[in-house]
Amino acid sequence: ILPQKSMTEVSQDVMSWAEKRKAEIESLKVVDNFRRDFMQNLSHEIKTPIFAIQGYVDMLLEDDVLDDEEEARRLLKKVHKNIERMTHILSDIDEIEHLENGTQNLNISKFVIQELIFETFDSLSIQTVKKNIQTILKKGCEYPIAVYADKEKIRQVLINLVINAAKYGKENGHIVASVYKLDEERVLVEISDDGIGIAEDHVPRVFERFYRTDKARTRKVGGSGLGLAICKHILEAHGESIHLRSKLGVGSTFGFTLPTTNK
Ligand code: ADP
């Protein structure tokens with residue numbers, strides 16, 4: 001026979017149950033708000049290119065425009081660019097979903113981080129040359145260091161960081177990569193630019209999905225607002241982290257760590 005509970009014990013049980021429920025409801029509310037924000041952001045991001053496409057197609061459908069091959073081609077190029085933008089946003093969202101659900105396994109291999117940095121600079125030379133930005137591996141950082149990570153995912157991190165450094169960098173500026181050995185097990189990779197920089201109050205938030213410091217400007221230079229959120233997820237999946245130091249009008253340095261041993 002179970003011992004009878006006193007009224008005080010019963011009321012304590014009820015209170016702790018009510019508190020637990022309250023905490024559960026609070027955490028459900030947070031998830032719900034998060035979902036709602038995400039859907040709002042997503043719908044806004046997708047609406048912008050869709051409205052643009054609609055506008056260009058309407059213009060194309062006007063009789064005299066179709067007769068003017070040059071004008072028609074110009075409008076079609078705009079349609080193409082906006083479709084590309086939408087595809088980019090959707091594939092970034094796909095990527096983030098996979099990373100968050102842990103449905104993407106890491107394919108760990110050993111590679112030299114400096115080689116990957118050079119390959120990234122090379123593959124983005126169209127973007128950097130356009131603004132006459134010099135890409136440099138900092139002096140003293142040439143000594144090859146092997147890391148253990150998912151090479152293609154780290155390539156994506158580097159591409160996102162270097163593209164941002166070019167997008168928010170100034171004409172004739174510099175993008176500097178540095179690699180430092182922190183200890184026997186870890187390296188620090190930094191990508192610095194001397195561009196527009198980020199104000200102090202935005203710094204902690206730029207890794208959030210869709211967060212932008214200046215919506216009008218960043219939308220003009222393109223991008224999904226998901227690049228840094230993807231970088232953060234990729235590094236967290238490796239058990240590593242990414243951070244940012246920045247000064248408005250001076251430039252930004254993004255740094256992330258990688259393991260040098262196969263854990
Ligand atoms: P986006 O696609 O908008 O570039 P990201 O997630 O890559 O999205 O970056 C989020 C925001 O952080 C950008 O919109 C921009 O405001 C800011 N940002 C990122 N990198 C830099 C940088 N190197 N210099 C200045 N601002 C940056």
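Both backbone and side-chain heavy atoms feed into the values below; hydrogens, waters and symmetry mates do not. Every value quoted in this text rests on a predicted model; they were computed, and no experiment measured them.
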*Asks:* When rounded to the nearest 0.5 angstrom, what distance separates NZ in K181 from CG in L188?
*Replies:*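 Spacing of NZ (K181) from CG (L188) equals 13.5 Å.
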*Asks:* Within the side chain of S246, is there an N or O that forms a donor-acceptor pair under 3.5 Å with the backbone of V203?
*Replies:*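 Such a contact is absent between S246 side chain and V203 backbone.
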*Asks:* For N82 and A52, indicate whether the former's side chain and the latter's backbone hold a donor-acceptor pair under 3.5 Å.
*Replies:*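 Not confirmed, N82 side chain does not pair with A52 backbone.
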*Asks:* Show me the donor-acceptor pairs, under 3.5 Å and distance only, between side chains in residues 133-146 and residues at least two apart or in other chains.
*Replies:*
| from | atom 1 | to | atom 2 | distance (Å) |
| --- | --- | --- | --- | --- |
| K138 | NZ | Y180 | OH | 3.1 |
| E142 | OE1 | G140 | N | 2.9 |

*Asks:* Write out all pairs satisfying salt bridge (Lys or Arg N to Asp or Glu O under 4.0 Å) with one or both partners inside residues 107-118, taking only residues at least two apart or from two chains.
*Replies:*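 Passing the test, one end in residues 107-118: no pairs.
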*Asks:* Judged by atom type as modelled, is there a donor-acceptor pair below 3.5 Å linking the side chain of D194 to the main-chain atoms of H174?
*Replies:*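 Confirmed, D194 side chain pairs with H174 backbone.
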*Asks:* Please find out if less than 6.0 Å separates the ring center of F210 from that of F38.
*Replies:*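 Yes.
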*Asks:* Please round to the nearest 0.5 Å and tell me the distance separating atom CG of D92 and atom NE2 of H88.
*Replies:*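 Going from the CG atom of D92 to the NE2 atom of H88 covers 4.0 Å.
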*Asks:* Would a 4.5 Å heavy-atom cut-off, applied to side chains only, mark Y148 and L258 as touching?
*Replies:*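 The answer is no, as the side chains (C-beta and beyond) never meet within the 4.5 Å cut-off.
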*Asks:* Using the rule that Ile, Leu, Val, Met, Phe, Trp and Tyr join whenever any side-chain heavy atoms are under 4.5 Å apart, tell me whether V129 and I175 fall into a single cluster.
*Replies:*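 Shared cluster, no.
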*Asks:* Flag yes if F121 and L124 sit in one hydrophobic cluster, no otherwise; membership is Ile, Leu, Val, Met, Phe, Trp, Tyr, and two members link when side-chain heavy atoms are under 4.5 Å apart.
*Replies:*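 As far as the 4.5 Å side-chain criterion goes, L124 and F121 are connected within one cluster.
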*Asks:* As an exercise, state the distance from NE2 of H44 to CD of Q40, rounded to the nearest 0.5 Å.
*Replies:*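 These two atoms lie 10.5 Å from each other.
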*Asks:* Kindly say whether F118 contributes a backbone atom to a donor-acceptor pair with the side chain of D122 at under 3.5 angstrom?
*Replies:*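 Side chain of D122 to backbone of F118: no pair is present.
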*Asks:* Are V176 and I191 connected into the same hydrophobic cluster when the rule is that any two of I, L, V, M, F, W, Y join if their side-chain heavy atoms are below 4.5 Å apart?
*Replies:*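 Different clusters: I191 never reaches V176 through Ile, Leu, Val, Met, Phe, Trp or Tyr contacts under 4.5 Å.
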*Asks:* Can you confirm whether E240 sits close enough to P259 that some side-chain heavy atom of one is under 4.5 Å from a side-chain heavy atom of the other?
*Replies:*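 They are in side-chain contact.
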*Asks:* Any side-chain donor paired with an acceptor under 3.5 Å for D94 and H98?
*Replies:*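 No - no donor-acceptor pair under 3.5 Å links their side chains.
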*Asks:* Shortest non-hydrogen contact from T48 to R85?
*Replies:*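 Of all heavy-atom pairs spanning T48 and R85, the closest is CG2-NH1, 4.4 Å.
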*Asks:* Just by distance, do the side chain of K131 and the backbone of K167 share a donor-acceptor pair under 3.5 Å?
*Replies:*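 Indeed, once roles are kept as given, a pair shorter than 3.5 Å links the two residues.
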*Asks:* To the nearest 0.5 Å, tell me how far E62 CD sits from E71 CD.
*Replies:*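 E62 CD to E71 CD: 10.0 Å, rounded to 0.5 Å.
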*Asks:* Step by step, would you call R73 with E70 a salt bridge (Lys or Arg N to Asp or Glu O under 4.0 Å)?
*Replies:* CA-CA 5 Å; R73 197 174 286 277; E70 204 178 316; over 6 Å; no
*Asks:* Let me confirm one number: the CD1-CZ distance from I198 to R212, rounded to the nearest 0.5 Å.
*Replies:*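 Atom-to-atom, I198:CD1 and R212:CZ are 13.0 Å apart.
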*Asks:* Run the numbers on F254 and F207 for side-chain contact (heavy atoms from CB on, under 4.5 Å), then give the verdict.
*Replies:* CA-CA 11 Å; F254 286 86; F207 295 102; 4.0 Å; yes
*Asks:* Taking 4.0 angstrom as the limit, do R74 and E69 come out as a salt bridge?
*Replies:*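 Looking at E69 together with R74, the answer is no, because their closest N to O distance does not fall below 4.0 Å.
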*Asks:* Any side-chain donor paired with an acceptor under 3.5 Å for N132 and N172?
*Replies:*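 There is such a pair (donor and acceptor under 3.5 Å, judged by atom type) between the side chains of N132 and N172.
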*Asks:* Are the side chains of L116 and V147 in touch, meaning some heavy atoms are under 4.5 Å apart?
*Replies:*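 A side-chain contact under 4.5 Å is absent here.
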*Asks:* Which atoms form the tightest heavy-atom contact between S252 and G197, and what is the distance?
*Replies:*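 Minimum heavy-atom contact is OG-CA, 3.7 Å.
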*Asks:* Tell me the closest heavy-atom pair linking T120 and R155, and the distance in Å.
*Replies:*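 Smallest heavy-atom distance, with atoms named: OG1-CG, 4.5 Å.
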*Asks:* Same cluster for W17 and M15 if Ile/Leu/Val/Met/Phe/Trp/Tyr side chains link at under 4.5 Å?
*Replies:*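 No, W17 does not connect to M15 through the hydrophobic network.
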*Asks:* State yes or no: do L244 and I159 share one hydrophobic cluster built from I, L, V, M, F, W and Y residues joined by side-chain heavy-atom distances below 4.5 Å, directly or via other members?
*Replies:*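 In one cluster: yes.
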*Asks:* Which heavy-atom pair separates Q127 from I163 by the least distance, and what is that distance?
*Replies:*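 Residues Q127 and I163, closest heavy atoms: NE2-CD1, 4.4 Å.
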*Asks:* So, do V57 and V79 sit near enough that their side-chain heavy atoms are less than 4.5 Å apart?
*Replies:*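 Side-chain contact under 4.5 Å: yes.
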*Asks:* Report the relative orientation of the aromatic rings in Y211 and H202; use parallel for angles under 30°, tilted for 30 to 60°, perpendicular for over 60°.
*Replies:*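 Plane angle between 30° and 60°, so tilted.
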*Asks:* Might you work through the side-chain contact (heavy atoms from CB on, under 4.5 Å) test for I234 and I154, ending with a clear yes or no?
*Replies:* CA-CA 8 Å; I234 290 178; I154 301 303; 4.3 Å; yes
*Asks:* Please give me the minimum heavy-atom distance between T128 and A166, naming the atom from each residue.
*Replies:*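 Minimum heavy-atom separation between T128 and A166: CG2-CB, 4.2 Å.
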*Asks:* Would you mind reporting whether I53 and K78 have side-chain heavy atoms less than 4.5 Å apart?
*Replies:*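 A side-chain contact is absent here, since even the closest heavy-atom pair is not under 4.5 Å.
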*Asks:* Checking E84 against H80 for the side-chain contact (heavy atoms from CB on, under 4.5 Å) test, could you report, in this order, the C-alpha distance in whole Å, the side-chain angles of both residues, the deciding distance, and whether it holds?
*Replies:* CA-CA 6 Å; E84 251 178 17; H80 185 249; 3.4 Å; yes
*Asks:* Under the criterion side-chain hydrogen bond (donor to acceptor under 3.5 Å, both in side chains), which of R21, K20, K22 is the partner of E24?
*Replies:*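 Filter result, single survivor: R21.
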*Asks:* Other residues, nucleotides and ligands only: do more than 12 of their heavy atoms fall within 6.0 Å of CD1 on I126?
*Replies:*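 No, CD1 of I126 has 12 or fewer neighbouring heavy atoms, counting only those of other groups under 6.0 Å.
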*Asks:* Does any part of the side chain of V157, heavy atoms only, come nearer than 4.5 Å to the side chain of F256, both counted from C-beta?
*Replies:*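 They are in side-chain contact.
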*Asks:* Within this structure, what is the CD1-CZ distance for the pair I96 and R209, rounded to the nearest 0.5 Å?
*Replies:*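 Spacing of CD1 (I96) from CZ (R209) equals 5.0 Å.
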*Asks:* Could you check whether any side-chain heavy atom of K232 comes within less than 4.5 Å of a side-chain heavy atom of E236, counting everything from C-beta outward?
*Replies:*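 Side chain of K232 against side chain of E236, heavy atoms only: contact under 4.5 Å found.
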*Asks:* Decide side-chain contact (heavy atoms from CB on, under 4.5 Å) for S178 and V189; before the verdict, give the C-alpha distance in whole Å, the side-chain angles of both, and the deciding distance to 0.1 Å.
*Replies:* CA-CA 6 Å; S178 325; V189 181; over 6 Å; no
*Asks:* How would you list, by chain and number, every residue that makes a salt bridge (Lys or Arg N to Asp or Glu O under 4.0 Å) with E9, sequence neighbours excluded?
*Replies:*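 None.
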*Asks:* Is there a donor in the side chain of E185 and an acceptor in the side chain of T261, or the other way round, less than 3.5 Å apart?
*Replies:*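 Short answer, no.
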*Asks:* Evaluate E190 against R245 for salt bridge (Lys or Arg N to Asp or Glu O under 4.0 Å), listing each step before the verdict.
*Replies:* CA-CA 10 Å; E190 286 190 340; R245 292 193 309 274; 3.2 Å; yes
*Asks:* Work out which heavy atom in I46 is nearest to a heavy atom in M86; give both atom names and the distance.
*Replies:*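 It is CD1-CG, 3.9 Å.
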*Asks:* Do the side chains of T257 and S241 get nearer than 4.5 Å, heavy atoms only?
*Replies:*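 Heavy-atom side-chain distance check passes, below 4.5 Å.
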